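One structure is given here, and the rest of the page talks about it.
From a predicted model like this one, the values you see are computed outputs, not experimental measurements. Chain letters run A, B, ... following the sequence lines, proteins first and then strands; every chain starts at 1.
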Number of protein chains: 2
Amino acid sequence: MGRHAPEPGGAAVTTPTAGETAGSKSERAYAAIKEKILGGEYTPGYRLVLAKLAGDLGFSVVPVREAIRRLEAENFVTFERNVGATVAGIDPTEYLFTMQTLSIVEGAATALSAPLITASDIARARAVNAAMRESLDHFDPIRFTALNLEFHSVLFENCPNPHILDLVHRGWNRLQALRSSTFSYVPGRAKESVAEHEALLALLESGAGADDVERAARAHRAATLDAYLARRSPEQRAHVPVSASY
Amino acid sequence: MGRHAPEPGGAAVTTPTAGETAGSKSERAYAAIKEKILGGEYTPGYRLVLAKLAGDLGFSVVPVREAIRRLEAENFVTFERNVGATVAGIDPTEYLFTMQTLSIVEGAATALSAPLITASDIARARAVNAAMRESLDHFDPIRFTALNLEFHSVLFENCPNPHILDLVHRGWNRLQALRSSTFSYVPGRAKESVAEHEALLALLESGAGADDVERAARAHRAATLDAYLARRSPEQRAHVPVSASY
DNA sequence: GAGTACGAAATCGTATACGATCAGCCTAGC
DNA sequence: GCTAGGCTGATCGTATACGATTTCGTACTC
């Protein structure tokens with residue numbers, strides 16, 4: 001890589017022939033490991049050994065170590081001192097907590113975004129929802145989930161509070177880590193979800209108050225959780241410490 | 001200084017409560033730097049240089065580096081590649097976002113805890129609130145804040161969802177990092193806060209529904225933010241992107 | 001005089017090496 | 001046959017060393 005002479009003029013954002021210069025090795029290691037976890041290559045319980053990962057990636061152990069600590073902070077892996085890291089397991093209780101938390105923060109994010117949403121935003125969201133409706137015939141959980149994220153992302157774009165958005169994204173990440181599809185795929189739920197989306201859009205168009213919007217958005221997420229809980233046996237539900245929509 | 005910090009650091013909900021047995025140097029470095037930030041020794045904008053910190057602490061740069069990345073993840077410092085870390089600044093907008101987020105997650109945490117709260121819990125909280133009321137005469141923001149955290153900690157003890165509690169603790173941490181006292185000390189607000197605490201306890205005793213409890217708890221936090229906003233000039237408030245209680 | 005190009009110092013990013021700690025196994029004793 | 005103790009291998013924790021990148025000061029040119 002040759003030395004780049006500083007270009008005169010205001011081109012502060014230099015794009016040195018690289019569309020994918022993914023920053024430091026720590027970040028690349030983080031992305032690579034995360035991808036393998038989400039992709040299912042590293043299943044829950046898989047032992048993440050620093051030396052092995054470093055060898056596979058062609059890096060030293062230091063960036064890998066940093067990547068693992070970061071994944072630990074985001075709950076993708078569990079870490080034990082002098083022992084090592086393992087991929088976080090699939091835990092129904094954890095799924096429940098995550099969904100409940102999401103219902104709260106998504107509800108707030110939607111309510112905060114509502115006053116700032118434009119007709120164009122709603123049109124875009126409606127288009128995404130139409131794609132979701134069409135996909136119901138040949139149902140693909142992965143695609144449906146992706147469209148669902150896109151739908152809500154459009155609604156959240158105007159959210160003025162980045163902290164709330166960050167919490168939403170953390171929840172989404174965690175759901176992915178928990179392989180949400182294995183939990184959230186409940187027959188008939190997808191169709192309901194599309195209908196709820198349409199109702200939510202109508203509510204936003206009507207200029208409803210923030211309270212109503214929050215309630216609807218929260219209930220939307222909670223309904224998915226309820227559908228999941230309904231399929232579990234009463235004993236299983238018994239030691240579930242909370243209800244979906246309190 | 002009554003150290004009643006909620007849970008130092010651990011963003012992970014699976015934290016094994018690693019006792020107090022002077023863990024790894026990374027953890028000690030983390031604790032030491034965090035303490036200096038919160039204690040005011042490192043003021044916002046202070047440049048955290050790896051080599052210097054390592055020298056002061058007697059450690060190598062590696063544990064210090066890890067500590068800094070962890071502090072970055074918790075927003076105590078900002079980090080820029082190949083440049084370094086600086087202590088996060090006091091930003092009124094950031095304060096606003098944090099308070100708004102706290103109003104939401106604290107409201108949810110209180111509502112989730114409400115059905116499980118006992119008469120004994122309420123008695124303990126009432127005792128703490130009494131101490132707050134007494135402290136009004138010789139007001140000390142630090143002590144008042146500590147008691148306030150204790151009051152709400154009692155109410156949250158029964159919260160079944162650890163994720164929500166984690167979000168609350170993150171918010172509290174951030175407020176500390178922002179030196180909340182300089183913001184939140186508004187004449188008269190402390191007295192109102194004590195009264196609102198009493199009202200909240202009465203509501204809990206009455207067996208009110210989760211919705212009512214959530215609304216009250218959220219409004220309690222939002223009122224502090226409103227009091228802060230009310231003291232700012234209209235121009236300052238103009239580019240504040242959200243209102244406290246939406 | 002203003003702006004630009006160059007260079008040196010400072011700082012972070014990463015690699016390698018060694019020490020500390022833990023889990024599992026094997027052996028010896030009862 | 002069973003249990004207790006030590007041993008060994010594996011893995012993480014930390015230190016040191018070197019290379020890459022940025023920043024800031026300085027001299028030069030228009």
Side-chain angles (χ1 to χ4, degrees), chain A residues 1-18 20-33 42 45-73 76-88, chain B residues 9-10 12 14-16 18-33 42 45-73 76-88:
Chain A
M1 292 195 274
R3 208 164 60 83
H4 278 257
E7 301 293 338
V13 182
T14 58
T15 25
T17 333
E20 196 54 271
T21 46
S24 69
K25 294 192 179 179
S26 297
E27 289 173 34
R28 275 183 282 168
Y30 166 80
I33 297 171
Y42 296 158
Y46 184 91
R47 188 91 181 271
L48 296 171
V49 179
L50 287 181
K52 185 173 185 308
L53 290 174
D56 291 349
L57 292 167
F59 299 158
S60 170
V61 295
V62 180
V64 176
R65 175 188 169 86
E66 189 163 312
I68 296 221
R69 297 307 285 254
R70 202 167 141 196
L71 289 166
E72 184 208 6
F76 287 108
V77 307
T78 61
F79 191 85
E80 198 174 349
R81 182 173 172 195
N82 288 319
V83 173
T86 57
V87 176
Chain B
T14 57
T15 288
E20 195 55 87
T21 57
S24 67
K25 292 194 179 179
S26 297
E27 289 173 34
R28 275 183 283 167
Y30 166 80
I33 297 171
Y42 296 158
Y46 184 90
R47 188 92 181 272
L48 296 171
V49 178
L50 286 181
K52 185 174 185 308
L53 290 173
D56 291 347
L57 292 167
F59 300 158
S60 170
V61 295
V62 181
V64 175
R65 175 187 169 87
E66 189 163 311
I68 295 219
R69 297 308 285 253
R70 204 166 140 195
L71 289 166
E72 184 208 6
F76 286 108
V77 307
T78 60
F79 190 86
E80 198 177 350
R81 182 174 172 195
N82 288 319
V83 174
T86 57
V87 176

### Task
Look at the side chain of A:Phe79 and decide which nucleotide, out of C:dT14, D:dC12, C:dG13, has an atom nearest to it.
D:dC12

### Message
Using every non-hydrogen atom in the two residues, find where A:Ile68 and A:Val77 come nearest and quote the distance to one decimal.
### Response
O-CG2, 3.9 Å

### Message
Nearest to the A:Val61 side chain among D:dA15, C:dA15, C:dT16, which nucleotide is it?
### Response
C:dT16

### Message
With a 4.0 Å limit, can you tell me whether A:Ser26 has a side-chain N or O closer than that to the phosphate oxygens OP1/OP2 of C:dG13?
### Response
no

### Message
Nearest whole Å is fine: how far is D:dC12 C1' from A:Glu72 CD?
### Response
13 Å

### Task
Apply side-chain hydrogen bond (donor to acceptor under 3.5 Å, both in side chains) to B:Thr78 and list each qualifying residue two or more places apart in sequence or on a separate chain.
B:Thr86

### Task
Go through the structure and list residues passing side chain to side chain contact (heavy atoms under 4.5 Å, CB included) with A:Ala67, not counting sequence neighbours.
A:Ala29, A:Tyr30, A:Ile33

### Message
Per the ring-ring contact (aromatic ring centres under 6.0 Å, His included) rule, what does the pair list look like for residues 46-66 of chain B, sequence neighbours excluded?
### Response
B:Tyr42-B:Tyr46

### Query
Distance check: side-chain N/O of B:Ser60 vs OP1/OP2 of D:dT14, anything under 4.0 Å?
no

### Message
Once salt bridge (Lys or Arg N to Asp or Glu O under 4.0 Å) is applied, do any residues pair with B:Arg69, and if so which ones, sequence neighbours excluded?
### Response
A:Glu66, B:Glu72

### Query
Which whole-number value in Å describes the distance from A:Glu66 CD to D:dT14 C1'?
15 Å

### Query
How would you list, by chain and number, every residue that makes a side-chain hydrogen bond (donor to acceptor under 3.5 Å, both in side chains) with B:Asn82, sequence neighbours excluded?
none

### Message
Strictly under 4.0 angstrom, non-hydrogen atoms only: write out the protein contact profile of nucleotides 18-24 of chain C, one letter per nucleotide from the 5' end, B, S or -.
### Response
---SS--

### Query
Are B:Arg47 and B:Val83 close enough, and set up right, to give a side chain to side chain contact (heavy atoms under 4.5 Å, CB included), and what steps lead you there?
CA-CA 10 Å; B:Arg47 188 92 181 272; B:Val83 174; 4.1 Å; yes

### Task
Could you tell me which residues satisfy side chain to side chain contact (heavy atoms under 4.5 Å, CB included) with B:Ala54, sequence neighbours excluded, listed by chain and number?
B:Val61, B:Val64

### Query
Is there a residue in residues 46-57 of chain A whose heavy atoms reach under 4.0 Å of DNA chain D, and which residues are they?
A:Leu48, A:Val49, A:Leu50

